[in-house]
Amino acid sequence: MTVINRIRRSMIFLNTQRAALVKDAFVYKPDCVILDLEDAVAAGEKDSARIQLYQTLKNVDYQGVERWVRVNALDSDLINEDIRAAVAGGIDGIRLPKTETAAEIQAVAKKIEAAEKEFGKKVGSTMMMAAIESPLGIMNAYEIATADKSRMMGIALSAGDFTRTMHAKRTVAGTELFVARSQLLMAARAAGIMAFDTVYTDTDNEPGFKKELQLIKDMGFDGKSCINPKQIGVTHEVFNPTVQEIAHAEHILEAVQNSKDNGVGVLTVDGKMVDIAWVEGSQRTLKLAKAAGIYKGALV
Ligand SMILES: CC(C)(COP(=O)(O)OP(=O)(O)OC[C@H]1O[C@@H](n2cnc3c(N)ncnc32)[C@H](O)[C@@H]1OP(=O)(O)O)[C@@H](O)C(=O)NCCC(=O)NCCSC(=O)C[C@@](O)(CC(=O)O)C(=O)O
Ligand SMILES: [Mg+2]
């Protein structure tokens, strides 16, 4: 699956209403940018933000940073023009906010296909991701994740709207998000697509942000939606495999290979039991490290 064969630790929201924010965001080296036409843009500025979006996509070289557009929701009267401008500008993917059903993904995929045809783009070349922001969306996460097997790159949790619709309160521990995070992750893994965690709004609280990053990395998320450039470096730092994780993964792959040659199934590596079930995770660690430019070995 080519769409997920890429590292996406950080996706930073850029408010398309503000030219100064969108024109050189690539200098912060995020893995992806999300040019926002939805909630960051004031109601009276939607048309000018969309024009700004098109000009940006046409004129700014994002230097390899993947470019996504968060369009307005399917039930808005803005989404058709949002998709046309994004596709005409040559976007990599569309992020649909407030997704609740597979039918919504299929309806948006049709609109994207129509825009690809209208603007002479290869049909199927625009990826999609769904932001899930409500209990109904969480209940339908697997159907959403599998609604379009060729376009869907990932699903993302959006905690601001999720806690609103749950009548819940964001807490430091994140207890209110635990089930939603787990269910969204399981849906993504079962569908074979990527999973992204929600934004962290307390931008001056780096220790708190780091703790949340460690939690979601350990749970299995692929990356995080960000809102401020100062969140990018720390996101990469936490998501990148550590020196110890890289060394341990190498030891496992070498030891399992040797033990296979010697007819041994279970063994001890760095003091811990290991068998064939550890191989895939170790390969993933090394692939991630290679994609991040911190592993040059030949084991993957
Ligand atoms: C929070 C704040 C206003 C703080 O501003 P401040 O200016 O106080 O920040 P400072 O740190 O002082 O900025 C230092 C320098 O960086 C520049 N700079 C700042 N932010 C930048 C950025 N994003 N990109 C590039 N550049 C940036 C700034 O211009 C300055 O440049 P300079 O003046 O040259 O030094 C600002 O960050 C911001 O607007 N963030 C994006 C907010 C946004 O898009 N929200 C919508 C998406 S969430 C949502 O909708 C909820 C969700 O839907 C989520 C989901 O779906 O997942 C759900 O339901 O949960
Ligand atoms: Mg939201």
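What's counted below: heavy atoms across the whole structure, side chains too, no hydrogens, waters or symmetry copies. Note that ligands are numbered from 1 as they come in the structure, with each ligand's atoms numbered from 1 the same way. Remember, it's a predicted structure, so these values are computed and weren't measured experimentally.
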Going through the distances and angles, do Arg84 and Glu81 end up as a salt bridge (Lys or Arg N to Asp or Glu O under 4.0 Å)?
CA-CA 5 Å; Arg84 287 182 71 246; Glu81 288 308 308; 3.0 Å; yes

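- Ligand 1 has no N or O atom lying under 3.5 Å from any N or O atom of Ala131, backbone or side chain.
- Each of the following atoms of ligand 1 lies closer than 4.0 Å to a heavy atom of Lys230: 11 (O).
- The closest heavy-atom contact to atom 49 (C) of ligand 1, among the options Met11, Gln231, Arg70, Lys23, comes from Arg70.
- Within 4.0 Å of atom 11 (O) of ligand 1, at least one protein heavy atom is present.
- Counted by atom type alone, Asp261 and Ser259 present zero donor-acceptor pairs between their side chains at under 3.5 Å.
- Counting protein heavy atoms only, atom 17 (C) of ligand 1 is closest to Leu21 CD2, 3.9 Å.
- Nearest to the Mg ion (ligand 2), among the N, O or S atoms that Glu133 has, is OE1.
- The line from CG of Leu213 to CD of Glu237 is 9.5 Å long, rounded to the nearest 0.5 Å.
- Distances from atom 56 (O) of ligand 1 to the protein include at least one heavy-atom value under 4.0 Å.
- Residues Glu176 and Thr171 bring a donor and an acceptor atom of their side chains to less than 3.5 Å of each other.
- Interface atoms of ligand 1 facing Leu14, defined by a heavy-atom separation under 4.0 Å, are 24 (N), 25 (C).
- Judged by distance alone, the side chains of Asp36 and Asn15 never bring a donor and an acceptor atom under 3.5 Å apart.
- Less than 4.0 angstrom separates atom 23 (N) of ligand 1 from at least one non-hydrogen atom of the protein.
- Atoms of ligand 1 lying under 4.0 Å from any heavy atom of Asp36, numbered from 1 in the order shown and given with element: 46 (C).
- Distance check on atom 31 (O) of ligand 1: every protein heavy atom falls at or beyond the 4.0 Å cut-off.
- There is a protein heavy atom closer than 4.0 angstrom to atom 26 (N) of ligand 1.
- The protein does not reach atom 6 (P) of ligand 1 closely, with no heavy atom under 4.0 angstrom from it.
- Contact annotation for atom 38 (C) of ligand 1: protein present (non-hydrogen atoms, distance under 4.0 Å).
- The closest protein non-hydrogen atom to atom 14 (C) of ligand 1 is Asn228 ND2, 4.8 Å.
- If you check the side chains of Glu100 and Ser134, you find a donor sitting under 3.5 Å from an acceptor.
- With ligand atoms numbered from 1 in the order given, ligand 1 contributes 55 (C), 56 (O), 57 (O) to contacts under 4.0 Å with heavy atoms of Arg95.
- Considering both main-chain and side-chain atoms, Glu38 never comes within under 3.5 Å of ligand 1 through any nitrogen or oxygen pair.
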Please report the C-alpha distance between Lys98 and Glu38 in whole Å, then the side-chain angles of each, then the deciding distance to 0.1 Å, and finally whether the salt bridge (Lys or Arg N to Asp or Glu O under 4.0 Å) criterion is met.
CA-CA 10 Å; Lys98 302 184 174 69; Glu38 201 219 13; 2.5 Å; yes

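- For the pairing with Asp31, the salt bridge (charged side-chain N to carboxylate O under 4.0 Å, His left out) check across Arg6, Arg9, Arg8 returns one residue only, Arg9.
- Of all protein heavy atoms, the one lying nearest to atom 3 (C) of ligand 1 is Arg18 NH1, 4.9 Å.
- The side chain to side chain contact (heavy atoms under 4.5 Å, CB included) with Phe13 is formed by just one residue from the set Leu35, Asp39, Ile34; it is Ile34.
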Run the salt bridge (Lys or Arg N to Asp or Glu O under 4.0 Å) check on Lys260 and Glu254 step by step: do they pass?
CA-CA 10 Å; Lys260 241 199 258 168; Glu254 285 160 356; over 6 Å; no

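- The residue among Ser158, Pro30, Ala40, Cys226 with a heavy atom at the shortest distance from atom 43 (C) of ligand 1 is Ala40.
- If you check which protein heavy atom lies closest to atom 41 (C) of ligand 1, you get Ile227 O, 3.2 Å.
- Here the side chain of Arg189 pairs no donor or acceptor atom with the backbone of Met194 at under 3.5 angstrom.
- Phe26 CZ to Tyr62 OH: the interatomic distance, rounded to the nearest 0.5 Å, is 8.0 Å.
- Inclusion of Asn15 in the set of residues having an N or O under 3.5 Å from an N or O of ligand 1 is not warranted.
- Residue Ala159 has at least one heavy-atom neighbour below 4.0 Å for each of these atoms of ligand 1: 60 (O).
- In this structure, atom 21 (C) of ligand 1 lies nearest to the protein heavy atom Pro229 CD, 3.3 Å.
- Of the protein's non-hydrogen atoms, the one nearest atom 15 (C) of ligand 1 is Tyr28 OH, 4.6 Å.
- Salt bridge annotation for Lys122-Glu116: absent, with no cationic side-chain nitrogen under 4.0 angstrom from a carboxylate oxygen.
- Protein heavy atoms all stay at least 4.0 Å away from atom 35 (O) of ligand 1.
- With 3.5 Å as the limit, one finds no donor-acceptor pair spanning the side chains of Ser10 and Gln231.
- Nearest non-hydrogen protein atom to atom 44 (O) of ligand 1 is Phe13 CB, 3.4 Å.
- With a 4.5 Å cut-off on side-chain heavy atoms, Val33 and Glu66 do not count as touching.
- Proximity to Gly160 (heavy-atom distance under 4.0 Å) selects the following atoms of ligand 1: 58 (C), 59 (O), 60 (O).
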Could you go step by step and tell me if Ser150 and Asp148 meet the side chain to side chain donor-acceptor pair (under 3.5 Å) rule?
CA-CA 6 Å; Ser150 62; Asp148 187 314; 3.2 Å; yes

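- The shortest N or O to N or O distance between Ala25 and ligand 1 is not below 3.5 Å.
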Between Asp204 and Lys230, is a salt bridge (Lys or Arg N to Asp or Glu O under 4.0 Å) present by the stated rule, with each step listed?
CA-CA 9 Å; Asp204 289 331; Lys230 60 189 164 206; 3.0 Å; yes

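- Counting just the N/O/S atoms of Asp161, the one with the shortest distance to the Mg ion (ligand 2) is named OD2.
- Inclusion of Thr203 in the set of residues having an N or O under 3.5 Å from an N or O of ligand 1 is not warranted.
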